[in-house]
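Below: the structure, in structure tokens.
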Amino acid sequence: MSAFDQLARPIQKWIRGQGWKELRKFQSDAVHAVMDASNDLIIAAATAGGKTEAAFLPLISQVLESDVAKAGGFDLVYIGPLKALINDQTRRLEGICDSIDLPVVPWHGDIPANIKERARRNPRGLLLITPESLESLFVRRGMEIQRLFGGTNAVVIDELHTLLDSERGIQLRSLLTRLELATGHGIRRVGLSATLGDMELTKAYLRPEDASAVKLIKAEHSGAELRLQLRGYVSGGDGDDGATTRQIAGHLFEKLRGSNNLVFAGNRQQVEIYADRLRVMSESAHLPQEFFPHHASLSKGHREFVEDKLKSGNPTTAVCTSTLELGIDIGDVTCVAQIGAPFSVAALRQRLGRSGRRAGQPAILRQYVIEAGLSSNSSIADRLRLGLVRTVSMTELLLEGWCEPPKPHSLHLSTLVHQILSIIAERGGASAQRLFVSLCQRGPFRTVDQTIFLALLRNLGSHDVALIEQAPDGMLLLGEKGEKLVEHYSFYAVFSTPEEYRLVCDGKEIGTIPVDNILVPGTLLIFSGRRWQVIELHETEKIILVKPAEAGIPPKFGGDPGDIHDCIIQRMFMLYVDDNIPVYLDKTAVELLTEARAQFEHLGFERTSVVETGEGISWIATRQGSVGNLTLMLALQSAGFKVQLHDGFLEVDGRKSELPLLQALQNFAEGEAVTVDWDNANLMFEKFHPYLSTQLLELDACSSRIEIERLPQIANAILANL
DNA sequence: GACCTGCTGCGGCGTG
């Protein structure tokens with residue numbers, strides 16, 4: 001039977017109404033997979049490739065044709081990582097469900113309470129919900145889970161790659177297990193994504209206990225043409241990047257004007273700088289404004305204005321951060337520009353997927369890299385052109401179709417604390433045994449063994465922490481502090497957010513900035529693509545009043561250090577000793593790459609991994625990504641060295657250490673125990689870390705950011721190449 | 001050396 005014939009009548013009618021001649025190959029495959037068996041599925045296809053329909057046309061058909069007495073509740077559940085995405089998908093699915101008696105219910109923080117209340121009283125049809133809102137249902141309506149989801153056929157997880165091994169992804173996977181435990185039956189899982197690395201690992205993430213049964217449906221490559229350019233720029237080298245910024249802005253202005261584009265500028269401060277330059281250029285040329293900034297600190301109103309403008313058909317370029325990376329509907333984009341080296345190939349691929357979506361149109365990626373002009377006392381980091389070489393490395397990996405796989409070893413203890421509190425709240429109390437089974441044996445925390453789990457429970461129940469307490473019968477209950485935490489609405493999200501000021505002009509909020517910016521009345525600011533002067537500060541309300549001004553500098557937004565995968569660094573080292581010049585480099589980029597290779601050889605890294613670059617100062621070519629590099633750095637610091645991190649290299653100052661560097665490396669290679677100075681290692685980076693003991697924090701860090709057990713291997717590899 | 005994501009229940013007030 002053809003895929004079309006397998007679908008329910010109303011769905012066939014909808015397809016004809018759309019004017020589709022036929023289903024795409026992967027959509028037909030998905031229809032067969034859903035209708036013929038009950039396996040979990042991963043549907044991998046390009047952005048806007050019709051994944052939503054591929055999953056929902058057959059799933060809705062099944063709901064319509066099932067004549068089994070329903071257990072009640074929502075028939076299908078869709079999980080989306082963004083409110084905007086849920087709103088988009090609600091509209092699309094309402095189109096399909098228009099003629100059939102199946103409600104489509106969006107459920108997130110912006111949905112009015114009365115709509116949620118009505119859906120809760122009469123749960124049926126399609127529920128579209130965020131992980132956090134689902135969490136809130138478990139915490140506040142624990143006793144109703146069976147009634148709400150007892151008859152649910154499948155859970156569809158959109159943008160699966162963002163909900164994979166992030167803290168948020170672990171939370172969602174825990175909620176899915178808890179859903180199955182509470183309803184007493186398995187619920188089919190369907191993951192949708194355009195950007196997945198290792199498919200076997202991804203399957204194991206979707207269904208840990210039965211990864212081999214997860215079926216993969218992949219769209220063939222669209223075959224769209226890819227146009228690629230990497231432009232190199234050399235700055236003054238004395239810290240004045242103004243001229244280079246103007247050059248890049250000038251090139252963007254010339255090439256992007258008149259069409260729709262996305263410029264990923266790297267961070268919020270750079271977004272403000274480039275948006276300001278481009279606005280000034282438009283104004284002095286007496287041209288209508290086409291360039292607008294877009295990032296998370298800007299007010300919702302301003303962001304929606306830019307998104308609407310992109311959809312409107314008038315030429316618009318958004319200068320943005322990763323806010324415009326995910327699948328919300330912003331219409332067709334001609335070109336994607338990337339300023340500076342990105343942090344992951346996955347993000348680069350996701351960004352590139354934003355352009356060339358219309359048939360016959362090429363995908364266009366323009367990359368801009370700035371390197372410092374060299375002088376006799378330039379640093380090794382500048383000489384090696386690390387930014388340019390990393391960008392080339394990542395572009396090569398992108399072209400080969402590689403992207404970062406999930407990290408399966410992490411313990412995720414912060415999120416485990418959250419889920420322990422959530423289950424206790426859901427059920428009004430839980431035994432240690434039940435928590436361990438739900439979370440560590442059947443749930444996603446499978447790398448947490450019984451010893452660690454008990455240590456964690458004891459820590460949470462200790463006098464200082466007091467999040468939980470034990471009743472005389474052994475049941476674990478929320479302690480006073482735990483209850484307070486769980487009762488507040490800020491509990492539902494597992495990620496933390498910094499404190500911020502709100503910027504207000506004439507009673508209207510224009511956005512937020514972190515509280516660690518030093519601002520006094522009179523300070524001039526660039527923000528939201530405009531210039532402002534601070535009039536008043538209200539410390540307690542965290543409000544800053546501003547008025548328009550003629551000049552200013554952008555605020556600092558801060559951020560976490562990046563996480564670079566080993567494969568990217570290994571490819572960088574291959575590039576240093578290769579002669580091949582990639583065709584997508586412009587003249588300056590070719591010169592910079594050639595220079596980098598000459599310096600690599602001149603410094604001696606072709607022959608040895610350790611080069612002495614000054615009195616007591618050495619550069620080690622570790623050839624490691626951030627995890628390996630950080631591990632070796634902490635070990636060297638514990639031996640009295642001062643260390644600085646670079647991509648694939650460490651800069652080591654041995655003037656204050658007792659041991660010679662090579663002897664220290666030899667000790668590491670022989671497996672000598674290392675006493676890391678954990679107190680100075682800043683181990684609290686997740687929301688529930690403040691409730692963990694130093695020992696548990698160490699364990700958590702060693703499972704994700706550091707790998708102490710790999711130290712001998714890292715040191716040996718360096719010593720083998722001297 | 002970075003980015004992003006999310007959020008309930010209820011009390012008080014104004015309006016029809």
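Naming: A, B, ... by sequence-line order, numbering from 1 per chain. In this text the structure is predicted, and so the values were computed from the model without any measurement.
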Problem set entry | Phosphate-side-chain proximity, A:Thr130 and B:dG6, N/O vs OP1/OP2 below 4.0 Å | no
Exercise. So, is A:Ser136 near the phosphate of B:dC7, with a side-chain N or O under 4.0 Å from OP1 or OP2?
Worked result: no
Write down the distance between [atom1] ([X]) and [atom2] ([N]), rounded to a whole number of angstrom.
{"X": "A:Leu85", "N": "B:dC4", "atom1": "CG", "atom2": "P", "value": "17 Å"}
{"X": "A:Leu163", "N": "B:dT5", "atom1": "CG", "atom2": "C1'", "value": "9 Å"}
{"X": "A:Leu175", "N": "B:dG6", "atom1": "CG", "atom2": "P", "value": "16 Å"}
{"X": "A:Gln171", "N": "B:dC7", "atom1": "CD", "atom2": "C1'", "value": "11 Å"}
{"X": "A:Glu132", "N": "B:dC7", "atom1": "CD", "atom2": "P", "value": "6 Å"}
{"X": "A:Gln350", "N": "B:dA2", "atom1": "CD", "atom2": "P", "value": "22 Å"}
{"X": "A:Ile170", "N": "B:dT5", "atom1": "CD1", "atom2": "C1'", "value": "16 Å"}
{"X": "A:Leu164", "N": "B:dT5", "atom1": "CG", "atom2": "C1'", "value": "15 Å"}

Exercise. So, are A:Arg178 and A:Glu426 salt-bridged, with charged N and O less than 4.0 Å apart?
Worked result: yes
Would you classify [X] as touching base, sugar-phosphate or nothing, given that sugar-phosphate means primed atoms plus P, OP1 and OP2, and contacts are heavy atoms under 4.0 Å?
{"X": "A:Lys116", "result": "sugar-phosphate"}
{"X": "A:Ser166", "result": "nothing"}
{"X": "A:Arg303", "result": "sugar-phosphate"}
{"X": "A:His295", "result": "sugar-phosphate"}
{"X": "A:Ser490", "result": "base"}

Measuring from the side chain of [X] (C-beta onward, heavy atoms only), which nucleotide among [options] has the closest atom?
{"X": "A:Thr497", "options": "B:dG6, B:dC3, B:dT8", "answer": "B:dG6"}
{"X": "A:Thr323", "options": "B:dC4, B:dC7, B:dC3", "answer": "B:dC4"}
{"X": "A:Ala296", "options": "B:dT5, B:dG6, B:dT8", "answer": "B:dT5"}
{"X": "A:Arg268", "options": "B:dT5, B:dT8, B:dC4", "answer": "B:dC4"}
{"X": "A:Phe343", "options": "B:dT5, B:dA2, B:dC7", "answer": "B:dA2"}
{"X": "A:Ser322", "options": "B:dC3, B:dT5, B:dC7", "answer": "B:dC3"}

Seminar exercise, completed: Between A:Ala493 and A:Asn267, the residue closer to the 5' end of DNA chain B by nearest nucleotide is A:Asn267
Exercise. Which comes earlier along DNA chain B counting from the 5' end, the contact point of A:Trp107 or that of A:Pro342, where each point is its nearest nucleotide?
Worked result: A:Pro342
Return the set of residues passing salt bridge (charged side-chain N to carboxylate O under 4.0 Å, His left out) with [X] (not counting sequence neighbours), or none when no residue passes.
{"X": "A:Asp158", "result": "none"}
{"X": "A:Asp88", "result": "A:Arg91"}
{"X": "A:Glu325", "result": "A:Arg351"}

Quick one: which protein N/O atoms are closer than 3.5 Å to N/O atoms of nucleotides 9-13 of chain B? Pair and distance per line, please.
| unit_1 | atom_1 | unit_2 | atom_2 | d |
| --- | --- | --- | --- | --- |
| B:dG9 | OP1 | A:Arg141 | NH2 | 3.2 |

Seminar exercise, completed: Ordered by number, residues from residues 418-429 of chain A within less than 4.0 Å of DNA chain B (heavy atoms) are none
Exercise. Under the 3.5 angstrom rule, does the side chain of A:Thr130 hit a backbone N or O of A:Pro81 as a donor-acceptor pair?
Worked result: no
For this session: Report yes or no: is the cationic atom of A:Arg705 (NZ for Lys, CZ for Arg) closer than 6.0 Å to the six-membered ring centre of A:Phe685, at no more than 45° off its axis?
Result: yes
For this session: Evaluate the side-chain proximity of A:Thr244 to A:Val234: yes if any heavy-atom separation is below 4.5 Å, no if none is.
Result: no
Apply side chain to side chain contact (heavy atoms under 4.5 Å, CB included) to [X] and list each qualifying residue two or more places apart in sequence or on a separate chain.
{"X": "A:Leu93", "result": "A:Thr52, A:Phe56, A:Ile96, A:Val104, A:Leu126, A:Leu128"}
{"X": "A:Met684", "result": "A:His689, A:Pro690, A:Leu697"}
{"X": "A:Lys484", "result": "none"}
{"X": "A:Thr177", "result": "A:Leu181, A:Arg189, A:Arg442, A:Pro444"}

If you restrict it to nitrogen or oxygen atoms, what contacts under 3.5 Å exist between nucleotides 14-16 of chain B and the protein, and what is each distance?
none

Which atom pairs, one a donor and one an acceptor, fall under 3.5 Å between side chains of residues 643-651 of chain A and the rest of the protein, sequence neighbours left out?
| unit_1 | atom_1 | unit_2 | atom_2 | d |
| --- | --- | --- | --- | --- |
| A:His646 | NE2 | A:Glu651 | OE1 | 2.9 |
| A:Asp647 | OD2 | A:Arg390 | NH1 | 3.0 |

Problem set entry | For A:Thr317, side-chain hydrogen bond (donor to acceptor under 3.5 Å, both in side chains) partners two or more places apart | A:Asn261
